[in-house]
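This report refers to the structure that appears directly beneath it.
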Number of protein chains: 2
Amino acid sequence: MRHRKNSNLKRLAQTPLSDQIYQNLKWSLTIGEYEPGSALSIRKVAKKMGTSAMPVREALTRLASEQLLQSATNRSYRVADLEPKRVADQFFVRARLEGIATMLATPNMTNGQIDQLEELARQMVEDIEKDDNESYILRNCNFHFAIYEAAGNEELFWTIERLWAQTGPFLAHIVRDQDMPEDWQTLHTEIAKAIRDRDADRAAQLMEKDISWSTHTFKEMER
Amino acid sequence: MRHRKNSNLKRLAQTPLSDQIYQNLKWSLTIGEYEPGSALSIRKVAKKMGTSAMPVREALTRLASEQLLQSATNRSYRVADLEPKRVADQFFVRARLEGIATMLATPNMTNGQIDQLEELARQMVEDIEKDDNESYILRNCNFHFAIYEAAGNEELFWTIERLWAQTGPFLAHIVRDQDMPEDWQTLHTEIAKAIRDRDADRAAQLMEKDISWSTHTFKEMER
DNA sequence: TACTGATATCTGTGATCACAGTATTCTTCA
DNA sequence: TGAAGAATACTGTGATCACAGATATCAGTA
């Protein structure tokens with residue numbers, strides 16, 4: 001009687017366990033559920049997920065391959081804990097790519113989609129007032145990705161998605177610990193407005209501003 | 001008597017077999033050794049490498065995770081064979097990122113490094129005249145990466161490296177089958193000159209031109 | 001000859017074990 | 001009480017097996 005113990009993850013039609021675990025962990029990283037530097041052991045995660053070590057191991061090596069996790073030799077996997085310079089580099093690349101994506105998206109978005117952006121922006125202001133960081137992080141994520149999806153460039157979307165997962169743990173750290181600059185309250189509303197006006201250059205510029213604030217924060221931490 | 005049969009890959013100090021295989025295959029993809037669509041079976045690659053299936057399997061899932069390989073359910077892994085639109089999207093992202101990297105690199109490069117660029121550009125002209133495609137591909141790769149390394153942004157470098165591996169099989173296909181436009185002979189020399197003049201904008205512009213030629217080629221294949 | 005259906009082979013995936021390192025804990029001695 | 005060293009528990013990695021689904025091969029029929 002081997003195999004198939006009772007498991008939390010069912011074997012869904014055709015999607016391998018390792019994929020489910022990979023997606024699962026990647027999302028957790030994106031929304032900052034793990035602190036930078038925290039350890040993830042194969043067997044422990046496997047126990048938590050209710051599977052054998054095998055699929056977890058694949059998921060972790062994949063995440064490490066995308067530099068979301070770090071792996072020293074014969075040491076447990078850890079959530080990447082990078083030099084401030086490196087994190088700033090990541091935010092720099094994000095700023096550029098997301099600017100480009102915004103420029104591409106601006107003429108493509110329907111008025112209905114822009115309505116949703118404005119609604120999200122409004123709710124995010126509420127989140128800040130209520131000090132609800134977790135909700136803010138989620139809505140911020142939805143806001144941005146709604147735009148990038150409209151850009152219509154799969155490769156661009158996918159690259160940005162990876163960068164979000166990479167910077168996720170750090171951004172969450174900032175949002176939770178630091179005071180957010182005041183214009184963050186209005187920035188997302190302005191972005192939605194620029195898209196409404198079909199002003200691609202301004203939308204892209206605001207988007208880069210939104211992200212590069214994080215860049216500056218990390219460059220200052222370097223000192 | 002299990003384990004450790006005679007293997008082509010030695011267990012080098014601290015670098016896992018799966019890493020070696022991963023790097024090995026990734027490089028092969030970058031320089032276009034595999035045709036898009038060709039199959040890679042875990043057990044066959046393992047036999048060729050002289051290892052068990054285990055490390056090969058990790059390498060292949062990692063490559064698939066980075067979209068260098070495709071994996072249908074219960075089917076063998078294949079070198080990505082993408083829609084022309086998707087490939088064009090990849091080249092678009094590459095063009096932008098490599099433009100940015102060139103701009104960052106221009107003020108950083110030493111005169112000695114620029115000498116090397118010019119030498120490479122000169123040799124590439126020879127390669128075209130001698131119709132030595134494989135040598136051209138290698139030198140082209142070295143030329144570009146020498147610049148991106150000088151940009152001093154690890155994240156940017158790494159993202160571009162991944163995109164090269166993704167577009168590698170397609171670019172090699174173009175270089176081998178199509179006639180290259182005439183200004184390719186002089187483009188790299190011009191890029192080196194612009195960097196020598198410390199004209200970052202012009203260097204970036206030329207770099208984007210170099211890459212976007214591939215974009216247009218693939219957009220035309222779409223029809 | 002052309003089509004059909006059964007059989008054999010090959011595919012990735014998950015589980016399990018063996019191993020060699022690393023980290024931790026616990027004991028022992030001063 | 002303190003430090004040092006041995007023993008134990010834990011880590012990722014590689015090999016091997018079991019399994020189910022997909023593919024290819026080949027025989028038998030019309």
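Note that this is a predicted model, so its numbers are computed, not measured.
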Return no unless some side-chain N or O of [X] is found under 4.0 Å from OP1 or OP2 of [N].
| X | N | answer |
| --- | --- | --- |
| A/Tyr77 | D/dT13 | yes |
| A/Ser52 | C/dT16 | no |
| A/Lys44 | D/dT11 | yes |
| B/Arg75 | D/dG21 | no |

Interatomic distance, [X] [atom1] vs [N] [atom2] [rounded to whole Å]:
| X | N | atom1 | atom2 | value |
| --- | --- | --- | --- | --- |
| B/Ile21 | D/dT13 | CD1 | C1' | 12 Å |
| B/Arg62 | C/dG12 | CZ | C1' | 18 Å |
| A/Leu40 | D/dC10 | CG | P | 17 Å |
| A/Glu58 | C/dA15 | CD | C1' | 13 Å |
| A/Ile42 | C/dG14 | CD1 | P | 14 Å |

### Query
Side-chain donor or acceptor of B/Arg43 under 3.5 Å from a matching atom on the base of C/dG12?
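Donor-acceptor pair under 3.5 Å: yes.
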
### Query
Would you say the base of D/dG14 and the side-chain of B/Arg57 have a donor-acceptor pair closer than 3.5 Å?
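No.
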
#### Entry: Minimum-distance nucleotide (side-chain atoms of A/Pro55 versus D/dA15, C/dA15, D/dT11)
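Among the listed nucleotides, the one closest to the side chain of A/Pro55 is C/dA15.
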
### Query
From the list C/dG12, D/dG12, C/dG14, which nucleotide is the closest neighbour of the side chain of A/Leu17?
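Per side-chain heavy atoms of A/Leu17, the pick is C/dG14.
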
### Task
Return yes if a side-chain donor-acceptor contact under 3.5 Å exists between B/Thr159 and A/Arg162, otherwise no.
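Side chains of B/Thr159 and A/Arg162: pair found under 3.5 Å.
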
### Query
Would you say the side chain of A/Phe92 lies within less than 4.5 Å of the side chain of A/Ile211, judging by non-hydrogen atoms?
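No - every pair of side-chain heavy atoms lies 4.5 Å or more apart.
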
### Message
How close do B/Gly99 and B/Met207 get, counting heavy atoms only, and between which atoms?
### Response
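Here B/Gly99 and B/Met207 meet closest at N-CG, 4.5 Å.
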
#### Entry: Among B/Ile160, B/Asn153, B/Leu156, the one residue meeting side chain to side chain contact (heavy atoms under 4.5 Å, CB included) with B/Ile100
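Among B/Ile160, B/Asn153, B/Leu156, the one meeting side chain to side chain contact (heavy atoms under 4.5 Å, CB included) with B/Ile100 is B/Leu156.
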
### Task
Assign each of A/Thr73 and A/Ser18 to its nearest nucleotide of DNA chain C by heavy atoms, then name whichever residue's nucleotide is nearer the 5' end.
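Nearer the 5' end of the strand: A/Ser18.
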
### Task
Could you check A/Met54 against A/Ala72 and say which one's nearest nucleotide on DNA chain D is further toward the 5' end?
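Upstream on the strand: A/Ala72.
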
### Task
Measure up the A/Tyr148 and A/Phe145 rings against each other and bin them: parallel (under 30°), tilted (30 to 60°), perpendicular (over 60°).
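A/Tyr148 vs A/Phe145 ring planes: perpendicular.
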
